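Below: one structure, written as structure tokens.
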Amino acid sequence: MAKNVTSASRASQLLLLLLLAVGIRLSQQASIGESASESFYMAGVVEFRHANGNDVHANLADNLAGYLELINSPNASAVDIIVFPEMTLNSLSTASFVPSSDAEVTPCLDDPFASYYEPFLVEISCAARNVRSYIVININEKQLCSDTPEDTRPCASNGHNIFNTNVVFDRNGTVVSRYRKVHLYGEPRNSTFVPESVSFDTDFDVTFGHFICFDILFYAPAHELRLTQGIRDFVFPTMWFSQLPFLTAVQVQLGWSYANDVNLLAAGSSHTEYGSTGTGIFNGRKGTITSVMKLDEGERRIYVAQVPKYPSSAATSHRRVSTQRQKQRRGQSLEQRVLARSSSGFKMKRDENLELYESVWLQQERNVTQDVCHGGLCCHFELEWSPVQAGGSPESAFGYRVGAFDGWRNEQDVDNNYVRNCGIFACSGPNIEDCGLLLNATESNRNFSRLLIEANYPKSHEFLLTPNSVRDNLLPLEPSQFVWSVQEEEKSHLLSVRFALAEGESLSNLLTFAIYGNYYDDICTYGIDSPEKDIQCGYKPADDGAADLRFGGNWFYMLTVVLFIVSLSN
């Protein structure tokens, strides 16, 4: 009996030790996030239709109530980080001061009566504390011009600069990061005197970079954070104005995530009448985890997903890294921009540079091989298709063009970038003006079984090559549906790029299939200037073998002379 008691006592002790160990482990997990693990974290991205009435204070109250409802919703109960979209909370007239992350301010505790910060900022801080989640919002921020005496640009009469700003709260409601948009898109706001690149650390062992909307098309800060800091996770608030054929929202988001092989948490404004929608979570080369393009009406909804963590790398987090690149930016109202309306009421922008492309209208041949060149870029296309058995319209004028473009992508009064594009894009008729519209691709009566684009792209100091595709639902092809390769050509400073429909795949609702080559400012691109400039940029002369022959010939000549002299001396 005593032996049994002793055994039971030991068993109880072991059970107690086990429970204590589990308790310690659970406590440690809670300290790094209740839902995060070593292999993944939980993220929520919000598609949000903001109030748009005449009363800005009523709009703010409505938007804030919508934010708080989503933050406290059951769907958000397990998330580690929530990302809200661009410009869907407050207005210019309700701009708030925002503390620097270095100040470690918790508005909920440090300014509970909102005597300095706007009440909505305090409430979001308190909400982050209550739900114990990181929360990313985007707001109109004000800052005293006197706070940056080094900025000698004219100041507004009220003494404030106004920024388009991301604000990040941690689980305690503390402001741990602030980023001000660099590349403004027709916005009556300020840019910082020195553009910022900003990232922040989390307690679930993930470092996030962040940028806003139009920033994604430029090297700094978006691509720069990936290359210089090795960051693999990004938050991306946006109010995107989708543009065909190459720049609809999720189309761009997936392409950027895939090309950089990073996690991208994109939160989109949801106003179809403005052409704004596009929200998703993307896992690099593995593609979309969740995404949405709302073409009928806007919504207020949080999309939650488990996000795989990338293996630890040499990435280092810097709260702020500044670059010296500075450009003049001017505003342009949304009403000045050309929009094309679809039959569903969704407004779609059109790439007005399409008229500058060198392009070829495809006739009715079912097997097409075509080369198209523009500037220094030559694109090779191969297409095979068969008629759709049902639902197609043989008389439809719907068709496709293949095109190439090597030049600046110009939009009035905004920052421009240099692109080298090879693309297949849908058109409602044979003229180039019929292309870049939101169409019902089933009218084409074509089912593609083969799509292939090949081209040689020059190396550059700053550039990004992305697979670019979109279907008539405005969602792109997933990585399992295509083949993408970039191979360096030996001794040429050229990259051989191949983008193809995966074998066994077929596609009948295609709008765009393209290689999108973003060269940003086209600085130090090989072959666009003199050989001397290429050498200054760090490129070795392309070796055609003649140098080796000349080098070998010189040695042979010198050896012959030496042998001749030796023979004479003997």
Side-chain angles (χ1 to χ4, degrees), residues 27-34 36 41 43 64 67-68 71 79-84 89-90 95-151 160-181 192-212 221 225 229 231 233-235 237 265 315-322:
S27 175
Q28 289 172 340
Q29 285 184 342
S31 69
I32 64 166
E34 295 179 358
Y41 61 92
L64 178 60
Y67 272 43
L68 296 175
I71 290 170
V79 300
D80 296 294
I81 185 168
I82 303 172
V83 185
F84 284 89
L89 184 53
N90 70 324
S96 178
F97 291 113
V98 175
S100 166
S101 58
D102 297 330
E104 298 183 348
V105 171
T106 306
C108 183
L109 301 180
D110 298 325
D111 189 19
F113 300 107
S115 58
Y116 182 70
Y117 303 111
E118 290 295 312
F120 73 84
L121 198 77
V122 175
E123 290 202 49
I124 298 293
S125 170
C126 294
R129 285 179 62 82
N130 290 337
V131 300
R132 306 294 295 169
S133 294
Y134 286 78
I135 294 178
V136 182
I137 63 173
N138 176 275
I139 68 168
N140 286 283
E141 177 206 0
K142 63 183 178 183
Q143 181 194 41
L144 293 173
C145 296
S146 57
D147 287 348
T148 54
E150 69 276 12
D151 187 351
H160 291 149
N161 283 321
I162 302 294
F163 300 106
N164 179 333
T165 302
N166 285 346
V167 184
V168 183
F169 301 92
D170 69 6
R171 298 185 199 272
N172 296 315
T174 303
V175 175
V176 293
S177 190
R178 179 188 69 194
Y179 165 71
R180 294 159 174 168
K181 188 176 182 181
T192 56
F193 181 61
V194 177
E196 300 172 339
S197 295
V198 182
S199 60
F200 61 95
D201 296 324
T202 63
D203 62 6
F204 49 96
D205 297 327
V206 173
T207 297
F208 288 92
H210 54 136
F211 51 94
I212 302 166
L225 285 167
Q229 297 186 36
I231 292 174
D233 293 79
F234 292 84
V235 295
L265 314 184
T316 55
S317 174
H318 301 283
R319 290 187 181 273
R320 180 168 308 182
V321 177
S322 298

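Starting from 1, each residue takes its place in the sequence as its number. These figures come from a predicted structure and were not determined experimentally.
- In this structure, the side chain of Ser125 engages the main chain of Cys108 through a donor-acceptor pair within 3.5 Å.
- Residue Arg180 holds its CZ atom at 6.0 Å from CD of Glu196, rounded to the nearest 0.5 Å.
- Aromatic ring centres of Tyr134 and Phe204: separated by under 6.0 Å.
- We find the CG-CG distance between Leu89 and Leu121 to be 9.0 Å, quoted to the nearest 0.5 Å.
- For the pair Asp111 (side chain) and Tyr116 (backbone), a donor-acceptor distance under 3.5 Å is present.
- Atom OG of Ser197 and atom OH of Tyr179 lie 7.0 Å apart (nearest 0.5 Å).
- Closest non-hydrogen pair, His210 versus Leu225, comes out as N-CD1, 4.1 Å.
- When only modelled atom types and interatomic distance are considered, Asn172 and Arg132 share a side-chain donor-acceptor pair under 3.5 Å.
- Counting heavy atoms from C-beta on, the side chains of Gln143 and Thr148 come closer than 4.5 Å.
- By the 4.5 Å heavy-atom criterion applied to side chains, Phe169 and Val176 are not counted as neighbours.
- Contact of the Leu109 side chain with the Arg129 side chain is registered, since non-hydrogen atoms from C-beta on lie closer than 4.5 Å.
- With rounding to the nearest 0.5 Å, the separation of CG in Asn166 from CZ in Phe84 is 13.0 Å.
- The shortest side-chain heavy-atom distance between Ile81 and Ile135 does not fall under the 4.5 Å cut-off.
- The CD1 atom of Ile124 sits 4.5 Å away from atom CD1 of Ile71, with the distance rounded to the nearest 0.5 Å.
- Ring orientation note: the planes of Phe208 and Phe200 are close to parallel, at an angle under 30° on the 30°/60° scale.
- The aromatic ring centroids of Phe97 and Tyr117 lie 6.0 Å or more from each other.
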